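Heads up, the thing below is written out as structure tokens.
Nothing here was measured: the structure is a model prediction, and the numbers come from that model.
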Amino acid sequence: MPRISRHGDRCKTGHLCSRTAPVLASQRSVFANGRRILVRGNRVKPHKIRRGIRCIPHKAKLSGSSRSVFVQGIGVGRKGDRADFGAMIGASLNVSAG
């Protein structure tokens with residue numbers, strides 16, 4: 001069962017300029033290990049992507065989530081769920097969700 005991802009846990013972005021970035025939890029009612037749990041649609045902190053030879057600012061969201069565990073009716077984010085062009089890599093060590 002995948003581990004729950006929380007506010008500030010990092011994702012792999014799938015980009016060369018900023019390979020990882022933290023995801024910011026929007027909900028404020030459910031916590032794991034004292035940190036807010038991520039839900040589908042939460043924002044990845046602005047980071048950089050390559051356009052030609054330059055790195056430019058980029059925004060993204062957590063687009064993957066659980067299909068069976070919800071916070072305020074929205075699927076919770078877990079390690080391995082899709083975020084930007086990569087996936088969540090940071091998560092609780094002892095809280096999981098199907």
Any side-chain heavy atom of M88 sitting closer than 4.5 Å to one from R78? no

What pair of heavy atoms forms the shortest contact from A21 to K45, and how long is it? CB-O, 4.0 Å

Sequence neighbours excluded, the answer for side-chain hydrogen bond (donor to acceptor under 3.5 Å, both in side chains) partners of S26 is N42

State, yes or no, whether a side-chain contact exists between H7 and L24 at a heavy-atom distance under 4.5 Å. yes

Would you compute the distance between atom CZ of R19 and atom CZ of R10 and round it to the nearest 0.5 angstrom? 13.0 Å

Would you say that I49 contacts I56 through its side chain, given a criterion of any heavy-atom pair below 4.5 Å between the two side chains? yes

Closest non-hydrogen atom pair, A91 against S5: CB-OG, 4.0 Å

Interatomic spacing from SG in C11 to CZ in F85 - rounded to 0.5 Å: 12.0 Å

Could you measure the distance from the NZ atom of K79 to the OG atom of S92? Nearest 0.5 Å is fine. 11.0 Å

Look up atom OG1 in T13 and atom CD1 in I89, then write down how far apart they are to the nearest 0.5 Å. 9.5 Å

When you group the ILVMFWY residues by side-chain heavy-atom contacts below 4.5 Å and let the links chain together, are L62 and V95 in the same group? no

Between atom CZ of R43 and atom CG of D84, what is the distance when rounded to the nearest 0.5 Å? 13.5 Å

Rounded distance [0.5 Å steps], OG in S65 versus CZ in R82: 13.5 Å

Test side chain to side chain contact (heavy atoms under 4.5 Å, CB included) applied to H58 and H15, R50, R51, the passing residue: H15

If only atom types and distance count, is the side chain of Q27 paired as donor or acceptor with the main-chain N or O of I37 below 3.5 Å? yes

Applying a strict under-4.5 Å side-chain criterion to I, L, V, M, F, W and Y, I'd like to know whether I74 and V71 cluster together. yes

Is it true that a side-chain atom of S66 and a backbone atom of G75 form a donor plus acceptor pair closer than 3.5 Å? no

Any idea which heavy atoms bring G80 and A87 closest together, and the distance? O-CB, 3.6 Å

Taking only residues two or more places apart in sequence or in another chain, which ones pass side-chain hydrogen bond (donor to acceptor under 3.5 Å, both in side chains) with R6? D9, N33

Would you kindly confirm whether I4 and F31 end up in one hydrophobic cluster when ILVMFWY residues are joined by side chain heavy atoms under 4.5 Å apart? no

